[in-house]
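Just follow the structure's listing: the first ligand is 1, and inside any ligand the first atom is 1. The first residue of the sequence shown is numbered 1, and numbering continues consecutively from there. Every value quoted in this text rests on a predicted model; they were computed, and no experiment measured them.
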Amino acid sequence: MTLLDRAIVSLLPAVPRPVVQLFSARYIAGSTLADAVRVVRQLNADGKLATIDVLGEEITHEEEARAIAQAYCDVFDEIEREQLDSNVSVKLTALGLGLSYDICRANLEDVVRQAAENRNFVRIDMEDSSTTDDTLRLYRQLREAGHENLGVVLQAHLRRTFDDIQALADLRPNVRLCKGIYIEPAAIAFTDADAIRANFVRCLDALLDAGAYVAVATHDEWLIGQAVHIVGARGLGRDDYELQTLLGVRERRASELVAAGHRLRVYTPFGERWYAYSLRRLQENPAMAGTIARATVGRLFGRAS
Ligand SMILES: Cc1cc2nc3c(=O)[nH]c(=O)nc-3n(C[C@H](O)[C@H](O)[C@H](O)COP(=O)(O)OP(=O)(O)OC[C@H]3O[C@@H](n4cnc5c(N)ncnc54)[C@H](O)[C@@H]3O)c2cc1C
């Protein structure tokens, strides 16, 4: 990204919502569960798996958190009814982590129990670093309580992640490894792109050494190459790991990876609370900053497309 792009990206929160919605439509299945079902059906037909995310985060009322937990239970019913190949991803702040740890734990347990009844799986997304300790604590507690159908996410940009892997090793965790999207201070996070990549590879090796099932979540061509090389060198089979991408990002490349025989899962968000997720996706799209700036200026002067 150029300096100008970076400056524009930092101003994204000031961009009118309709412009954000226009440019982020590709990243979101739609506003309803029926939209998500339609998108996942197509992904499955293309040989891709899915993980469905009910959009919502930083929930401030207990009833809202409860409603999101219920929405996930509806998702499991629909996955089963439609015979889709999909699991789900949840954000703990959507399940009430900002209200209380116990409310969040109760909601998460309900979702995980429902998933088990439907022979399905729940992955806890990782949010900003203020939530890392609680997320890993909750993951451990639920795994120790016997919930095997639960996975978590680790972020390679955090300096602590290598140590977190060692601490989780006894659980033989199921981990999605990603770079990490939340902006963190240099004291706790690598900020240089090459340092993040190097730590990603180091953490991937450490996870595989620990016997973890790893979902490698990146669109970074260099990292995809490293991951494919590492799993190949270790003699891992198709069912021993997976690659993951986001809906709307590098879809042709994802199809090539499927054609090459890799298990690949696409993160598929849906729902009415699209704004925060959309901003994050636009912030990391290298081609988007200038386009949005032009559209915003056009709109301000009555020439919006
Ligand atoms: C399945 C999945 C789940 C994730 N879950 C989490 C999570 O729980 N917590 C968390 O902090 N982060 C999560 N992330 C986001 C992740 O941390 C990164 O911010 C994101 O994947 C971008 O990093 P990258 O590795 O793809 O590399 P980048 O260097 O950012 O991207 C590589 C290339 O991919 C393309 N690209 C990337 N993003 C976009 C975009 N939005 N639009 C268009 N093109 C794009 C560009 O061509 C870019 O050059 C997840 C990512 C994936 C794929």
Aromatic plane relationship, Y267 with Y277 - under 30° parallel, 30 to 60° tilted, over 60° perpendicular | parallel
Enumerated ligand 1 atoms positioned under 4.0 Å from heavy atoms of Q244 = 1 (C), 53 (C)
Atom 31 (O) of ligand 1 touched by protein heavy atom at under 4.0 Å = no
How close do S24 and S278 get, heavy atom to heavy atom, and via which atoms?
-> OG-OG, 3.1 Å
Honestly, for R280 the part within reach of ligand 1 (heavy atoms, under 4.0 Å) is neither
From the options V216, L246, N285, L154, select the one whose nearest heavy atom is closest to atom 51 (C) of ligand 1.
-> L246
Go through ligand 1 atom by atom and flag the ones less than 4.0 Å from a non-hydrogen atom of D125.
-> 8 (O)
Give the residue and atom name of whichever protein heavy atom lies nearest to atom 24 (P) of ligand 1, and the separation in Å to one decimal.
-> T218 OG1, 3.6 Å
Among L236, V231, L204, the one residue meeting side-chain contact (heavy atoms from CB on, under 4.5 Å) with V214 | L204
Using a strict cut-off of 4.0 Å, indicate which atoms of ligand 1 neighbour a heavy atom of Y182.
-> 11 (O)
Taking the side chain from Q283 and the backbone from L12, do they hold a donor-acceptor pair closer than 3.5 Å?
-> no
Numbered atoms and elements of ligand 1 in range of V153, under 4.0 angstrom, heavy atoms | 7 (C), 8 (O)
Could you pull out, from W222, Y27, Y267, F200, the option with a heavy atom nearest to atom 42 (N) of ligand 1?
-> Y27
Measure across A115 and F76 and return the closest heavy-atom pair with its distance rounded to 0.1 Å.
-> CB-CZ, 3.4 Å
If you scan protein heavy atoms around atom 36 (N) of ligand 1, the nearest is V249 CG1, 3.5 Å
Ligand 1 versus R250: contacting region, heavy-atom distance under 4.0 Å | side chain
Atom 6 (C) of ligand 1: the protein heavy-atom neighbour that sits closest, reported with distance to 0.1 Å = C178 SG, 3.8 Å
Enumerate the atoms of ligand 1 whose separation from the nearest heavy atom of R26 is less than 4.0 angstrom.
-> 43 (C)
Among protein heavy atoms, which lies nearest atom 34 (O) of ligand 1, and at what distance?
-> H219 CB, 3.2 Å
What atoms of ligand 1 come within less than 4.0 Å of a heavy atom belonging to R281?
-> 15 (C), 40 (C), 41 (N)
